2 protein chains.
Amino acid sequence: MDTNTAKARLRDAGFRATQQRTAFVSRLAAVHEPQSIQELADALSGTCDPVTVYRMITAFEKAGLVRESTIGGRPHYELAEAGDDHHHLVCTNCRAVEDFVGCGADAVARAALKRSRRFTSVTSHSFDLYGLCRSCTA
Amino acid sequence: MDTNTAKARLRDAGFRATQQRTAFVSRLAAVHEPQSIQELADALSGTCDPVTVYRMITAFEKAGLVRESTIGGRPHYELAEAGDDHHHLVCTNCRAVEDFVGCGADAVARAALKRSRRFTSVTSHSFDLYGLCRSCTA
DNA sequence: CTACCTGCAAACGGTTTGCATTGCC
DNA sequence: GGCAATGCAAACCGTTTGCAGGTAG
């Protein structure tokens, strides 16, 4: 994603396209793997303060510009794409991440709701697979 | 679960059945909903120090006596039962939790592995549904 | 009796907040 | 020019660690 696209995306979401935010969005677009707060702060260390990273994450997540997912017990962030319902295959050894689609959540949600006494609707879900990648397989 | 069962369970897992640990296991058995660290510390406040709660959680999880799951961004714990593969339906408003079974993860994992270039095996998964419970439905 | 466990207090590290300054729009 | 965003420093809070005393086996 080039700088202008990143800026347009920020403005579309109602934000001022500052240098720091543009760098943040560009970074997420470039790596297209979920990033930890630490990784983001390190990558942007020449550009902005870690405190600003926290503030951007909070604002962008609320605005639906980024998605949060938990990997190895820590929150990670990636750009949110419209209509996107991908999930992660995570290596339990090296934390490598690969996306996959088709989690069948709709059917599972329907079945669970049917059986449930206390719930009336399902609005979202999380689904992740954990295993070993090729290079970590003994 | 009565006190003696709790003690037996602890000894089976290789622990000394202290008063604090017995109370911890009994508590989890009594509520049979995932509990946050805070909730556990509060429930056991007359029995043991919060620090001990942390130490028990760490030890019990490693021993496979309790399972961790993330609810509302915070870790929660429940007793682990053999062969158990249930998941949670969580109310996004009041955090009420209901269990459900049948997540279809086996089929999804098989399909994902087939498509994957980098992964060779899937050993575990997480799957949770988020929605509204009856009393939080407007 | 002895090794394991617990309580207390202090250290630790990640996250949040307050406030003055900067820089988009 | 005005208001939102940033940087810096300090507060904050949940978690971990060290150590001395207690308790289960």
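Sequence lines set the chain letters: A, B, ... in the order given, protein chains first and strands last, and positions in each chain run from 1. Note: hydrogens, waters and symmetry copies are ignored here, and every other heavy atom, side chains too, is used. Here the structure is a predicted model, which is why all the values come from computation and not from measurement.
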Side-chain donor/acceptor of E78(A) to backbone N/O of H76(A), under 3.5 Å
no
If only side-chain N and O atoms of Q20(B) are considered, is one of them under 4.0 Å from the OP1 or OP2 phosphate oxygen of dG7(C)?
yes
Among the nucleotides dG14(C), dG7(D), dG25(D), whichever has the atom closest to the side chain of T52(A) is dG7(D)
Would you call the rings of F15(B) and F60(B) parallel, tilted or perpendicular, where under 30° means parallel and over 60° means perpendicular?
perpendicular
Could you go step by step and tell me if T52(A) and Q20(A) meet the side chain to side chain donor-acceptor pair (under 3.5 Å) rule?
CA-CA 8 Å; T52(A) 300; Q20(A) 293 86 339; over 6 Å; no
Are the side chain of R134(B) and the backbone N or O of R117(A) linked by a donor-acceptor pair below 3.5 Å?
yes
Pick the nucleotide of DNA chain D nearest each of T18(B) and Q19(A); which residue has the one closer to the 5' end?
Q19(A)
Taking the nucleotide of DNA chain D with the nearest heavy atom to each, does C48(A) or Y54(B) sit closer to the 5' end?
C48(A)
Polar atom pairs between nucleotides 19-23 of chain D and protein, under 3.5 Å, N or O only, would you list them?
none

With a 6.0 Å cut-off on ring centres, are H87(B) and H125(B) close enough?
yes
Rounded to whole Å, CD1 of I57(B) lies from C1' of dG14(D) at a distance of 12 Å
Whole-Å distance separating the CG atom of L10(B) from the P atom of dA24(D):
13 Å
What does T47(A) touch in the nucleic acid at a heavy-atom separation under 4.0 angstrom: a base, only the sugar-phosphate, or nothing?
sugar-phosphate
Check: L132(A) main-chain N/O paired with T120(B) side-chain donor or acceptor under 3.5 Å
yes
What pairs of nitrogen or oxygen atoms, one from the protein and one from nucleotides 9-11 of chain D, lie under 3.5 Å apart?
none

The side chain of R21(B) lies closest to which of these nucleotides: dA5(D), dT16(D), dT6(C)?
dT6(C)
Nearest heavy atoms of V97(B) and H88(B), plus distance in Å:
CG1-CD2, 3.6 Å
Do the rings of F127(B) and F127(A) sit parallel, tilted or perpendicular, given the 30° and 60° boundaries?
parallel
